[in-house]
Amino acid sequence: MNVAAPTLLKLEQVTKSFPGVRALAGVDFDLRAGEVHALVGENGAGKSTLINIISGVLQPDSGCCRLEGELCDWTDPVAARKTGIVTVHQEADFFPTLSVAENIALLHGLPTRKFGFVNWSAMQKTAQKVIGAVGEPIGAGVPADRLSVAHRHMLQIAATVLRSAKVVVLDEPTSALTSVEASWLFEQVARLKAEGVGVIYISHRQEEVLALSDRITVLRDGRKIWTKDRQDVDGKLLIQAMVGRDLEASSSELQPRPGSATVDAGQDHVVPRLEVCDLNDGKGRFQGINFHLDAGEIIGVYGLIGAGRTEMARAIFGLEPVVSGRVLVDGEPIKIRRPQDAVRAGIAYLPEDRLREGLCRGLTIRANAVLPTLDRWTQLFRPSGETAFSYSSHPPHQEPWIKRWSLGLLANRPVEKQVTRQVVQQLEVRQRTIEQPISQLSGGNQQKVVLGRWLLAAPKVMILDEPTRGVDVGAKAEIHRILRQIADRGCAILMISSELPEIQRHSDRIMVLRSGKISDQWAAAEVTATQIAEAALPGEKASEQTARDRNQSRHRTARGVGEWGLATVIAVLGVWLSLTSENFFSWSNFGNLMAETALWSVLGLAAATVIVVGGIDISIGSLLALSAACAGLLFKLPLPPEISIPLAILAALAVGLAGGLLNGFLALVGKVHPIVVTLGMMIVYRGMVIALVSGRQISSVPEAFGWISIYPASGFRAAIVLGLVVSLVLYVIHVHRRAGRHLYALGSSASAARLVGLSHAKTWLFAFALGGLLTGIAAVMVLSASMQMQSQLAKGWELQAIAVAVIGGVSITGGRGTVPGVILGAVLLRLVNLALVRWEIRGEQVDVFVGGLILAAVLLDLFLRKRGT
Amino acid sequence: MKRERFVGHRISLLLPWLLLALSLWLVFSQVERPAALVNVGVQWARVGALAIVMTAIILTGGIDLSVGSMIALSSIVMGMLWNAGWPAEVASVLAVLVGGAAGSVNGLLVVLGLSPLVATLATMAFYSGLALMLCGGEKITKLPAPAIDTSQVAGWPSEYWVLALVFAAAMLVVHGTRFGRWCYAIGDNPIAARFAALPVRRTQWWLYTASGLVAGLLAVAYTVRKGAIPDAHQGIELEAIACVVVGGTLITGGRGGIPQTLLGIVVIANIDIGLFFLSGRFKFIGAEARLMVVGVLLIVVAMWNEWLARSDDRLETRNEGAEQT
């Protein structure tokens with residue numbers, strides 16, 4: 001390593017705090033060109049916060065950051081990326097419905113050719129280069145959600161390497177890779193080094209850190225412990241710095257848990273509280289899990305991320321399915337299919353992700369605390385005495401006749417308040433009142449409430465998944481104390497943690513999971529931190545196997561019904577109709593069919609454009625009527641047809657565009673779901689139509705206008721040409737223009753779109769404006785057909801438009817759909833209409849089939865997607 | 001910094017109460033005989049009953065657009081059976097059951113994983129088309145006289161009794177039982193609700209089924225009064241949702257309640273009736289203008305509620321940062 005290499009990145013005295021937690025305290029960090037600088041530390045040490053600050057996700061409270069001498073003043077990740085800092089996160093956001101090639105291209109912006117058309121061939125070339133760099137058989141056109149996590153990761157890394165960056169941050173890059181893929185990664189890192197790029201490498205894995213890095217920085221509890229050159233560091237020093245104390249002395253230094261019994265091999269006469277036999281998850285995330293837990297015992301489960309600890313815990317609690325194996329509580333085998341079964345058996349689970357999986361943020365402390373145990377607090381009348389809860393295994397005493405009376409249904413607020421206050425007191429939750437929204441508490445206190453929620457259930461077995469993650473030191477100690485108390489009163493505790501000191505200090509036994517299997521178990525007092533840490537590291541063989549299973553990219557081809565399926569159905573229906581009706585294939589009938597298809601293609605595309613971006617518009621019918629009304633009214637002006645016709649057409653288009661834009665704007669700015677906005681606007685537009693039209697005759701429409709009609713007097717149907725032109729233009733926009741591709745990107749994943757710098761507002765408004773414009777075009781076609789206006793024109797048409805889109809393969813969740821598909825959908829719907837006419841089903845009775853078809857299409861889509869995962 | 005959050009609640013009720021005052025003034029300054037209001041308000045009692053059930057559904061983050069079609073379907077079934085000679089009581093019970101069945105299909109679709117929006121949009125079309133098919137597009141108004149005249153009970157039109165019944169039941173269930181607590185939790189965070197061992201899918205299914213049952217009940221009341229007219233119930237879902245939103249319940253779920261919806265019903269009903277009386281004097285206010293006002297109110301109040309909720313949340317976002325170490 002070149003000592004004289006210039007400093008690329010320099011962070012000075014960076015501090016960042018969150019309420020109750022000091023994430024980083026005065027950290028200095030610097031990165032030189034062409035060096036691999038490893039950042040090491042346990043969970044909660046501050047690594048992620050530091051990385052988030054470097055990549056622009058967070059702003060530091062104090063301290064400064066310089067890139068090549070210039071102050072880093074970016075406020076979002078996109079700006080950071082533009083200056084040359086690229087981060088490959090552990091959990092990468094991607095666009096599931098877009099192809100691999102497009103995902104790669106969107107990372108740095110879609111390439112364009114002349115006149116702003118998307119350069120597909122350049123995209124393909126880049127994709128092939130990236131895939132070639134990865135060296136795995138990945139199809140560039142495959143939708144990204146079919147790739148395995150490992151492949152997605154590797155592609156992102158390869159794309160980053162091929163693109164010139166100044167600083168590359170790799171966050172746990174090998175967590176999803178086998179050793180073979182990992183060595184590929186190391187080659188890429190070596191390439192980056194050779195090109196003078198500075199690499200920040202975060203990893204739990206000692207041997208990687210020692211093998212790859214030039215310098216190592218250790219963080220612990222938000223502080224930098226040291227930065228040393230690689231040659232001055234060995235494994236022991238590393239762990240010591242991470243864990244914070246000398247290892248040899250650790251066993252005796254550790255206070256054995258008061259009252260804890262050492263593991264005695266001969267205790268078979270006591271029935272274990274929890275026994276897990278041969279638990280297997282069919283997907284390979286954990287296998288052959290075998291362990292038992294006695295009453296009053298705390299077992300600490302250590303392991304790396306991805307080792308399968310959380311999956312195992314969730315399976316025991318009934319949140320995930322289990323393929324084989326048994327769970328016994330107090331010797332009784334339990335069939336656990338849903339969390340309710342687990343709770344009834346006396347098992348409780350404190351989830352890993354407090355915010356997403358634990359809290360109902362809008363509810364009060366009390367509401368959160370009593371949520372799973374509401375049936376215990378139901379009494380018809382105020383209880384006369386104290387309703388105490390205890391940590392014992394029996395639920396609190398309750399008058400049986402009252403429980404029977406109320407059927408366990410009535411919630412009793414005074415009792416809830418009472419028990420909540422008790423639990424809040426015993427856990428020392430710092431709050432103002434229990435009627436406070438839980439979101440106002442600090443992380444540690446929130447965690448205590450979630451813990452208290454399960455204490456109220458008086459569980460026999462308590463599974464805690466990272467109970468002190470993101471919790472300040474004071475609350476951490478309190479939680480540990482509480483756990484000890486609970487265990488002392490008979491509860492069996494399974495504590496999953498990634499912090500070695502926590503595991504060592506607060507468990508009776510320690511179990512390590514590695515790649516889905518239990519690699520070792522000891523009594524806590526008889527093992528050192530090094531042994532635990534080493535048992536967690538994947539050996540070559542173990543990680544190969546499970547990772548290889550996980551790496552199977554699904555190469556299943558086309559999802560069954562696609563355009564071919566649709567075309568087949570249409571062909572069959574068409575043939576049947578022509579056979580059973582006499583003059584089906586007469587020119588005029590066929591012409592009518594084609595012209596109607598043209599109209600409904602346009603409307604279907606209007607609906608589809610909005611659905612693709614993730615919205616929906618049920619005001620299409622009313623907006624069409626409004627556009628038509630405005631155009632029709634223009635004909636009342638004393639103008640020659642050469643002027644009035646183009647003017648009317650323009651008016652219709654303008655009104656449609658304005659209406660669509662208004663819908664999108666209200667949904668965007670008011671942050672109200674488009675369904676509510678368009679529900680309201682549907683009425684408003686219809687009201688305007690009635691106001692404009694009622695009592696007035698739009699009779700002065702010049703004949704020439706009828707030229708565009710669907711049912712023209714002359715034989716030539718300009719409507720068909722118009723429909724084809726519109727479809728072609730839409731096809732070009734959707735496939736070959738950046739604005740169109742952005743529609744699909746936003747609909748595919750709004751969060752990924754934000755990360756790559758897509759303008760949410762512009763894309764959203766573009767979709768709605770385009771949809772409105774298409775509605776205006778349809779209005780012109782309709783007006784020219786009828787040559788007059790009624791106030792109920794196009795009532796209910798939005799439903800058919802949505803049906804056309806959905807049948808044509810547009811996914812209701814957004815991000816997927818094609819223009820040819822929509823056209824086929826329009827054809828199918830017209831044929832269905834024809835068939836219905838033959839069966840004498842007219843008017844709005846058709847809606848039965850429209851609704852049925854929508855349901856069928858959406859259910860099919862859902863089914864196929866579920867099968868694919 | 002933890003600020004008092006209840007300020008948010010007080011402000012959020014301010015708008016509906018203002019609207020209420022405005023609407024009451026509007027009505028009572030125009031009406032000469034308050035007794036006439038009872039008959040005019042029957043349709044709003046119908047909307048109100050639907051809005052109350054819709055509140056529970058919206059609390060869980062869902063929506064039911066098919067309520068109007070379910071009323072139509074139940075009404076047609078009852079009308080056809082009654083016309084064919086079945087006793088009115090049996091026809092009524094069957095109509096309610098048909099409504100329940102329709103609602104349970106909605107519930108099933110949602111439980112399977114469809115978004116409630118799409119599911120009920122599709123079933124809205126399906127049920128109304130089915131109703132039209134069953135009756136051949138003809139309305140059934142010449143119905144045999146029932147044994148007991150149930151269009152009025154104790155001097156009040158039966159729709160008011162349905163409203164009272166539904167209101168009482170909803171108050172009990174949503175604000176007095178575990179089931180109601182589950183609704184709030186599911187709307188606030190469906191993942192956390194599942195992790196807290198709540199029966200999320202069962203709860204949702206029951207809510208949609210209840211919606212269908214109430215629709216069936218209303219269909220019976222309507223059919224007895226006016227007959228089985230298939231296209232008389234279009235647009236009622238919009239009015240119901242507007243009542244819920246104007247009352248202060250968030251469309252995204254997790255916040256709101258039944259008393260709020262009652263307020264919303266009274267507000268919207270009064271505004272509509274007030275405008276109706278005004279239209280006698282001012283010709284430009286027609287039926288469509290009244291409906292437009294409802295539409296605009298829906299959007300404006302929804303935006304206002306969301307803004308309020310977000311300004312509440314902004315006070316608390318600082319607590320989220322702690323999770324990122």
Side-chain angles (χ1 to χ4, degrees), chain A residues 18-21 23 44 46 48-49 52 339-340 343 351 354-363 367 371-372 374-375 409-411 437 439-440 442-443 470 666 670-673 675-677 679-681 683-684 687 690-691 799 812 841 843-848 850-852 854-855 858 862, chain B residues 2 5 63 109 112-115 117-118 121-126 128-130 132-133 137 176-181 184-185 188-189 191-199 238 241 245 251 254-255 286 288-289 291-292 294-296 298-299 302-303 306 310 316 318-325:
Chain A
F18 305 104
V21 188
S48 300
T49 313
N52 282 336
Q340 291 97 298
V343 171
R354 175 166 61 248
L355 271 186
R356 232 170 20 116
E357 301 164 349
L359 299 173
C360 288
R361 281 164 40 215
L363 302 187
L371 201 55
L374 283 167
D375 59 328
L409 278 180
L410 290 181
S439 46
Q440 290 180 352
S442 76
L666 289 173
K671 298 237 192 334
V672 179
H673 196 282
I675 188 66
V676 173
V677 170
L679 196 64
M681 292 316 283
I683 297 300
V684 171
I690 297 176
L799 203 64
I812 207 80
I841 301 176
E844 294 189 15
Q845 299 174 17
V846 166
D847 279 350
V848 175
V850 174
I854 295 180
L855 280 178
V858 178
L862 189 71
Chain B
K2 298 156 187 141
R5 194 197 192 228
I63 200 168
L109 291 171
L112 280 178
L114 289 192
S115 99
L117 168 61
V118 176
L121 190 65
T123 53
M124 171 173 91
F126 186 76
S128 79
L130 189 61
L132 282 169
M133 267 176 71
T177 66
R178 308 187 274 153
F179 190 87
R181 306 297 174 80
Y184 280 93
D188 189 283
N189 186 342
I191 301 177
R194 184 166 167 253
F195 275 62
L198 302 187
L238 167 79
I241 294 174
V245 167
I251 211 80
R255 280 186 234 199
E288 64 279 359
L291 215 47
M292 271 174 71
V294 174
V296 169
L298 169 65
I299 298 177
M303 284 170 60
E306 290 292 331
R310 266 175 301 129
E316 293 134 14
R318 309 198 213 162
N319 283 322
E320 294 174 29
E323 313 316 318
Q324 294 193 25
T325 38

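Proteins get letters first, then strands, A, B, ... in listed order; numbering begins at 1 in each. Everything numeric here is computed off the predicted structure, so don't read it as measured data.
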(Q) What part of B/Leu130 gets within 4.5 angstrom of chain A, counting heavy atoms only: side chain, backbone, both, or neither? (A) both
(Q) Heavy-atom pairs under 4.5 Å with chain A - which of B/Ser128, B/Ala192, B/Gly113 has more of them than the others? (A) B/Ala192
Q) Can you say whether A/Leu855 sits under 4.5 Å from chain B via the side chain, the backbone, both, or neither, judging by heavy atoms? A) both
Q: For A/Met681 and A/Val677, run side chain to side chain contact (heavy atoms under 4.5 Å, CB included): C-alpha distance rounded to whole Å, both residues' side-chain angles, the deciding distance at 0.1 Å, then the answer.
A: CA-CA 6 Å; A/Met681 292 316 283; A/Val677 170; 4.1 Å; yes
Q. Looking at A/Gln340 and B/Ala197, what are the two nearest heavy atoms and their distance?
A. CG-O, 3.3 Å
Q) Looking only at heavy atoms, which two atoms of B/Phe126 and A/Gly852 are closest? And how far apart? A) CD1-N, 3.9 Å
Q.
Quick check for you: among B/Leu112, B/Leu114, B/Ile251, which has the greatest number of heavy-atom pairs under 4.5 Å with chain A?
A. B/Leu114
Q.
Show the nearest heavy-atom pair for residues A/Leu355 and B/Asn189, with the distance to one decimal.
A. O-ND2, 3.6 Å
Q: Please report the shortest heavy-atom distance between B/Leu291 and A/Ile683, naming the atom on each side.
A: O-CG2, 3.2 Å
Q.
Can you tell me which portion of B/Leu117 sits under 4.5 Å from chain A's heavy atoms? Options are side chain, backbone, both or neither.
A. side chain
Q: Would you mind checking which part of A/Val846 comes under 4.5 Å of any heavy atom in chain B, side chain (CB onward), backbone (N, CA, C, O), both or neither?
A: neither
(Q) If we define contacts as heavy-atom pairs under 4.5 Å, which of B/Val294, B/Val296, B/Leu238 has the most with chain A? (A) B/Leu238
Q. Where is the tightest heavy-atom contact between A/Cys360 and A/Leu371, given as atom of each residue plus distance?
A. SG-CD2, 4.1 Å
Q) For A/Gly362, does its backbone N or O pair with a side-chain atom of B/Asp188 as donor and acceptor, under 3.5 Å? A) yes
Q. For A/Leu363, is it the side chain, the backbone, both or neither that has a heavy atom under 4.5 Å from a heavy atom of chain B?
A. both
Q: Mind ranking B/Ser115, B/Gly254, B/Pro199 by heavy-atom pairs under 4.5 Å with chain A and telling me who comes out on top?
A: B/Pro199
Q: Select one option (side chain, backbone, both, neither) describing which atoms of B/Leu109 are under 4.5 Å from chain A's heavy atoms.
A: side chain
(Q) So for B/Ile241, is it side chain, backbone, both, or neither that comes closer than 4.5 Å to the heavy atoms of chain A? (A) side chain
Q) Between A/Val343, A/Val850, A/Val858, which shows the greatest number of heavy-atom pairs under 4.5 Å with chain B? A) A/Val858
Q: Tell me, with the steps shown, if A/Arg354 and A/Leu359 meet side chain to side chain contact (heavy atoms under 4.5 Å, CB included).
A: CA-CA 6 Å; A/Arg354 175 166 61 248; A/Leu359 299 173; 3.9 Å; yes
Q: Using a cut-off of under 4.5 Å on heavy-atom pairs, state which of B/Leu198, B/Ile191, B/Ile63 scores highest against chain A.
A: B/Leu198
Q: For A/Gly670 and B/Met303, work out which heavy atoms get closest and say how close.
A: CA-CG, 3.6 Å
Q) Quick one: what part of A/Leu862 sits under 4.5 Å from any heavy atom of chain B, side chain, backbone, both or neither? A) side chain
